[in-house]
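Accompanying notes for the structure given below.
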Protein chains: 2
Amino acid sequence: MRPDFRCDCPFTSALDILGDKWILVIVKQMLIEGKETFKDFTESEEAIATNILSSKLKLLEEVGIIIKTKRPDNKKTNLYLLTDKGLALTPILVELASWSDGHLRDLHPTIVQGAAMEAIRHDKAAFARALEKQYREKLATTSHKHTSG
Amino acid sequence: MRPDFRCDCPFTSALDILGDKWILVIVKQMLIEGKETFKDFTESEEAIATNILSSKLKLLEEVGIIIKTKRPDNKKTNLYLLTDKGLALTPILVELASWSDGHLRDLHPTIVQGAAMEAIRHDKAAFARALEKQYREKLATTSHKHTSG
DNA sequence: ACGATTGCTTGCGCTTTGCAAGTAAAAAGC
DNA sequence: GCTTTTTACTTGCAAAGCGCAAGCAATCGT
């Protein structure tokens, strides 16, 4: 299931991995909504189907954007956590939201408008850094161990 | 063919439009490689199929990312040009390239490394602004008229 | 006028997506 | 310790999207 790349263009190569309906939505849910278990994702607002979720989590792990982990006291529930490579997607997500905010309201007027959106308007880079910091702090307080399967 | 939106999340809504293998590749080809005619796109390194190209150009026009135009002296060849909404995607493309540069070389070692990549490493925002400016200057010197079909 | 070029559309097979249902294993309840 | 529930998937099948090849109409070059 390794992704194959169309060419050597860095733009196109990023889209060979990220260019689909779900990959970045899953990353968003982890980064912003704090989702980390299979169940968390199935209960999302976007309602991803379990077979798609399963395949996408596999792909994300294969390319190194997330790692599959467990809490020491729970042998059933898997934890899916962003790696550095995954956290590095934050600026992309912020730019996507910024574009929606500025250019998608005519087509889709009910896009949410909140404090986060204000922060993005004020300083995108700072907002991205804050998100990454928040996630790293969460990681530090989450006890988990890596599994190799 | 209007896109429908999964929910009111600005991240997800952007991906409802942009989350696919081709849309942002086409925008990249227009912005960076200067492609503007149907033929230009078919001759690209990425080799998009004509039926897909046709449907994606239609979608891009419908959502207002590009406009379909002709040169006054040529009744056959259509020109596809980025609107302001389309040009506003530049920071997203720059972030995608930056991520590829920093995190995709282990999976795909032959990603190109050139002057543009150096510029992105040095100052992403400045590079995005330069790209937009370059495209706007090109637009100013390209004679064209809008067609309503 | 005639062939080449451009900008598509159509047909068909393959892959991806998506819903619903089922399964296996761990955890919780009694 | 036996049953029920929860979690994390897998499987089956229908629908949508993708992709190659071919075809076609309009315009352009000569």
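Model, not experiment: these values are computed from the prediction. Residue numbers begin at 1 in each chain, while the letters A, B, ... track the order of the sequences.
- Comparing dC28(D), dC9(D), dC18(D) by their closest approach to the side chain of I52(B) singles out dC18(D).
- Closest of all the heavy-atom pairs between L93(B) and L24(B) is CD2-O, 3.8 Å.
- When the P atom of dT7(D) is taken as reference, atom CG of L57(A) falls 16 Å away, rounded to whole Å.
- Between the OH atom of Y80(A) and the P atom of dA8(D) there is a distance of 7 Å, given to the nearest Å.
- Side-chain atoms of R6(A) and V25(B), non-hydrogen and from C-beta on, do get closer than 4.5 Å to each other.
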**Item:** From CA spacing to verdict: side chain to side chain donor-acceptor pair (under 3.5 Å), D40(A), T37(A)
**Value:** CA-CA 5 Å; D40(A) 287 342; T37(A) 67; 3.2 Å; yes

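- The nucleotide whose nearest atom lies closest to any side-chain atom of T37(B) is, among dG7(C), dC9(D), dC20(D), dG7(C).
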Output a table of nitrogen or oxygen pairs between the protein and nucleotides 9-13 of chain C separated by less than 3.5 Å.
| unit_1 | atom_1 | unit_2 | atom_2 | d |
| --- | --- | --- | --- | --- |
| dT9(C) | OP1 | K58(B) | NZ | 3.0 |
| dT9(C) | OP2 | S54(B) | OG | 2.7 |
| dT9(C) | OP2 | K58(B) | NZ | 3.0 |
| dT9(C) | O4 | T50(B) | OG1 | 2.9 |

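- One can place CG of L53(A) at 9 Å from C1' of dA8(D), the figure rounded to the nearest angstrom.
- To the nearest angstrom, P of dT5(D) lies 14 Å from NZ of K39(A).
- dG7(C) atom C1' lies 15 Å from atom CZ of R71(B), rounded to whole Å.
- Residue K76(A) places a side-chain atom within donor-acceptor reach of the base of dT6(D), judged by atom type and a 3.5 Å distance cut-off alone.
- Map K56(A) and N74(A) each onto its nearest nucleotide of DNA chain C; the residue landing nearer the 5' end is K56(A).
- Atom-to-atom, CG of D20(B) to C1' of dT15(C) comes out at 15 Å; the value is rounded to the nearest Å.
- Side-chain contact between T90(B) and L87(B) is present, with at least one heavy-atom pair separated by less than 4.5 Å.
- Remark: C1' of dA8(D) and NZ of K35(A) are 16 Å apart, rounded to the nearest angstrom.
- Counting only heavy atoms from C-beta on, A49(B) has its side chain closest to dG19(D) among dG19(D), dC9(D), dC28(D).
- Contact check, W22(A) against dG18(C): a side-chain N or O comes under 4.0 Å of OP1 or OP2.
- Heavy atoms only, all atoms of each residue included: E95(B) and K124(B) are closest at OE1-NZ, 2.9 Å.
- Residue K21(A) places no side-chain atom within donor-acceptor reach of the base of dT17(C), judged by atom type and a 3.5 Å distance cut-off alone.
- Counted within 6.0 Å of NZ on K138(B), heavy atoms from surrounding residues, nucleotides or ligands total more than 12; the atom is thus considered enclosed.
- Ion pair K21(A)/D16(B) not flagged as a salt bridge, since none of the NZ, NE, NH1 or NH2 atoms sits closer than 4.0 Å to an Asp/Glu carboxylate oxygen.
- Rounded to whole Å, atom P of dT17(C) lies 11 Å from atom CD1 of I26(A).
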